[in-house]
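Just below is one structure, and these are the notes that go with it.
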Amino acid sequence: MIEQLVFDSGAELTRNAAIKLAEKLQEPRTKDLTRVLLTGGTLGIQLLEELSKLDLALDGVQFYFGDERFVGLEDKDRNEAQGLAVWPALAKHLHRFPEPNQDLEQARLFFDTQLSQDLGPIDAPGNSFDVVILGMGPDGHVASLFPGVQHEPNWIVAEHNSPKPPALRLSFSYEALNRSSEVWFLVSGEAKADAVRCALQDSCDLPVAKVKGLKSTLWFMDLELKRAL
């Protein structure tokens with residue numbers, strides 16, 4: 001199921017996404033952990049700020065970011081640092097990407113091995129995440145998965161030359177992102193209309209079109225974007 005949810009502004013978009021995620025996290029749990037992948041970027045951090053205003057019970061909830069810039073833990077470019085700045089309570093429930101005290105491939109392998117131990121082989125059937133939340137660049141990239149770049153099927157992949165600095169990134173793979181019951185895209189602005197239009201078609205080779213929820217895919221859009229489609 002694919003659904004479009006349209007809001008007057010980016011602020012309304014993130015506020016409503018936060019409410020919907022809060023409701024999801026309070027549902028009766030059918031397994032030990034609820035796992036949620038978060039996104040950075042303007043809307044992703046605004047979402048976390050909105051979540052910080054809600055009285056959430058987070059016991060049994062594990063968060064990850066969908067990708068991370070390979071910079072120091074306190075670096076302002078790091079998604080985790082931005083997220084923790086607006087929602088400090090996240091720290092106790094966040095499975096953090098490794099810090100750059102090793103080279104990129106060593107860090108990728110370390111985190112990939114951790115996830116394989118926690119979640120099983122990447123090619124095993126079934127869902128590993130309850131919700132994957134993604135932003136999208138104007139070029140259609142999601143997480144740090146960029147157009148025209150191929151990766152081996154692992155939990156975590158390395159990007160050595162991101163078109164947008166910093167160049168070194170770690171990211172959950174397409175295979176990992178597709179192992180979620182629900183995928184939510186948070187997208188706003190006319191500049192992203194072409195990529196969204198492509199993604200909503202049957203034949204589209206952009207990264208954003210390669211990720212879908214096992215049960216549902218939700219598009220949270222602002223009115224400016226929707227009018228441009």
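Just so it is clear, the values below take in all heavy atoms, side chains as well, and ignore hydrogens, waters and symmetry mates. Since we're looking at a predicted model, the values are computed, not measured.
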Could you tell me whether [X] and [Y] make a salt bridge, using a distance below 4.0 angstrom between a side-chain N and a carboxylate O?
| X | Y | result |
| --- | --- | --- |
| E190 | R227 | no |
| R78 | D75 | no |
| E23 | K20 | no |

Using modelled atom types and a 3.5 Å cut-off, is there a donor and acceptor pairing between side-chain atoms of [X] and backbone atoms of [Y]?
| X | Y | result |
| --- | --- | --- |
| N154 | V157 | no |
| E3 | T217 | no |
| R35 | D130 | no |
| S180 | V183 | no |
| N127 | R179 | no |
| T39 | G135 | yes |

Under a 3.5 Å cutoff, is there a donor and acceptor pairing between the side chains of D67 and S144? yes

request  = State, without any angle test, whether Q4 and K226 hold a side-chain donor-acceptor pair at a distance under 3.5 Å.
outcome  = yes

When clusters are formed by joining ILVMFWY residues with side-chain heavy atoms under 4.5 Å apart, either directly or through shared neighbours, do L5 and I2 land in the same one? yes

Check whether more than 12 heavy atoms from other residues, nucleotides or ligands sit under 6.0 Å from atom CG of N101, and answer yes or no.
yes

Connected to L223, directly or through other members, by ILVMFWY side-chain contacts below 4.5 Å are V6

Sorted by chain and residue number, the ring-ring contact (aromatic ring centres under 6.0 Å, His included) partners of H160 (sequence neighbours excluded) come out as none

